[in-house]
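One structure is given below, represented as structure tokens, and several questions about it will come after.
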Amino acid sequence: MNVYDSERIAETLAPLGFSLCEDAAEADLVVLNTCHIREKAAEKVYSDLGRLRQLKARRADRGKRTVIAVAGCVAQAEGREIIERSPVVDLVIGPQSYHRLPELLPRLERGGRAILDTEFPEDDKFRHLPGSRPRPRSPSAFLTIQEGCDKFCTFCVVPYTRGAEYSRPVADIEAEARNLVDLGAKELTLLGQNVNTYHGEGPDGGHWSLARLLRHLAEIGGLERLRYTTSHPRDVDDELIAVHAQVAEVMPYLHLPFQAGSDPVLAAMNRQHTGDDYIRIAERIRAARPDIALSTDIIVGFPGETDEDFAATLDLVGRVGFAQAYSFKYSPRPGTPAAALDNQVPDHVKSERLQTLQALLDRQKAAFNAGFLGRKLQVLFEGEGRKPGQLVGRSPYLQPVHAGGGPELLGQIADVEITGVGPNSLEGAIKKLAQSAQTVVTL
Ligand code: SF4
């Protein structure tokens, strides 16, 4: 979502004459768009600000002014503390108010004093962003449809930094989707912290579910692929599962975090589901779409996690089987309930558990990828590959696929025969160029 937000920040500043530059030393305005999910997120921001302080001083020696803004969830969480600890900062702006940058920058010019804007405004920030998007840098574009979260998992900062759940109206999403497709996007990834709670206002005045929205967007001519992330197991319903079985444009890949396999740990996390619930959901999804690739997030060493609890996580991974996973050692986020628990797990125990878990996940991922050797996959080519004359794209299962081909194939979907399987990507040879998800012509 920060990639999406950063693009929108740049778009909102374009009418003021700003354009993107590659080198911060050349920038009149530097926006650090921060993520609070990362471990030691605030410390990393302060260390980046130390480097920017020197850059600002060097530019001042050349007679150039540099405005430094901190945006995103660390800005929201730290607030005024950032200005107090780092006087080099001119602007602190939360993730729900970056649309105000065009009015805040002139205020800064006039007033000179640092500005803090971390409110959760009543009005919809999306309505204040430019209606028309620039050409996406990739044929695969992001589109935020939902923000915030009401779940309050005890380890997570999102409900505090992104605020309460909010769903954009269907008409606004559709307009942005059509705009992106007109500009060359073939694939859209719908974003939300808790995307499958989506319940935006539909054109009929009712609340539309994510499933209904996906069916609606799939009708857009030229839009070949749809994805969505991140989902919560509690909000996976039959309607959404049916979409995976029935709508060809919805890719057979689902990122569905389970975080821990032990029910006592899940309860302490306030996840509102059990390990068995998750397994049943995975079975229902696989019954509807047998080839679906499941991906997940897992935390090891949550406060109070015993060896037995951890064994339940390994067991769940073994029973479900994942094509991809993101696993982390628990690390406290200031201000969250879990950070105050006194039964923290020692770091060396967390490290050992993470190693064991990741070895299992790596084996599962390797087995998943190996199953494609010699088979054909449709690949949407997004950019240049590792080697000259090579392109890289994504399979329906989100695997990076490298294949020989010229730039004329960028943005195209082609049939690729898989000839090699690496730990993180596949290699193949282009066989056919697809005109659409359903139609294929021979090259
Ligand atoms: S559902 Fe996701 S975003 Fe919401 S509190 Fe839990 S982990 Fe955070």
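For the numbers below, each heavy atom of this structure counts, side chains included, while hydrogens, waters and symmetry mates do not. Just so you know, ligand 1 is whichever comes first in the structure, and atom 1 is the first atom listed for that ligand. Owing to the predicted nature of the structure, the values given are computational and were not obtained by experimental measurement.
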Practice task
For Pro159, counting its heavy atoms only, list the atoms of ligand 1 lying under 4.0 Å from any of them.
Solution key: 5 (S)
Handout entry: Arg133 backbone acceptor or donor facing Asn179 side chain under 3.5 Å
Key = yes
Exercise for the section: Please test Gln193 against Tyr166 for side-chain hydrogen bond (donor to acceptor under 3.5 Å, both in side chains), starting from the C-alpha separation and ending with a verdict. Expected result: CA-CA 10 Å; Gln193 271 85 34; Tyr166 166 75; over 6 Å; no
Practice task
Report, in ascending order of atom number, the atoms of ligand 1 lying under 4.0 Å from any heavy atom of Phe152.
Solution key: 5 (S)
Practice task
Check the angle between the aromatic planes of Phe322 and Tyr278 and answer parallel, tilted or perpendicular using the 30° and 60° thresholds.
Solution key: tilted
Fill in the blank from the handout: For Lys151, the ligand 1 atoms with a heavy-atom partner under 4.0 Å come out as 1 (S), 4 (Fe)
Problem - Cys153 backbone or side-chain N/O/S under 2.8 Å from atom 8 (Fe) of ligand 1 - result: no
Problem - Atoms in ligand 1 with a heavy atom of His232 nearer than 4.0 Å - result: 1 (S)
Problem - atom 8 (Fe) of ligand 1: nearest protein contact (heavy atom, Å) - result: Cys156 SG, 2.3 Å
Exercise for the section: Taking the six-membered ring for Trp and the single ring otherwise, decide whether the centroids of Tyr397 and His255 are under 6.0 Å apart. Expected result: no
Handout entry: Donor on one side chain, acceptor on other, Glu174 and His216, under 3.5 Å
Key = yes
Practice task
Classify the ring geometry between Tyr4 and Phe126 as parallel (under 30°), tilted (30 to 60°) or perpendicular (over 60°).
Solution key: tilted
Completion exercise
Taking only non-hydrogen atoms of Cys149 and a 4.0 Å limit, the atoms of ligand 1 in range are 1 (S), 3 (S), 4 (Fe), 5 (S)
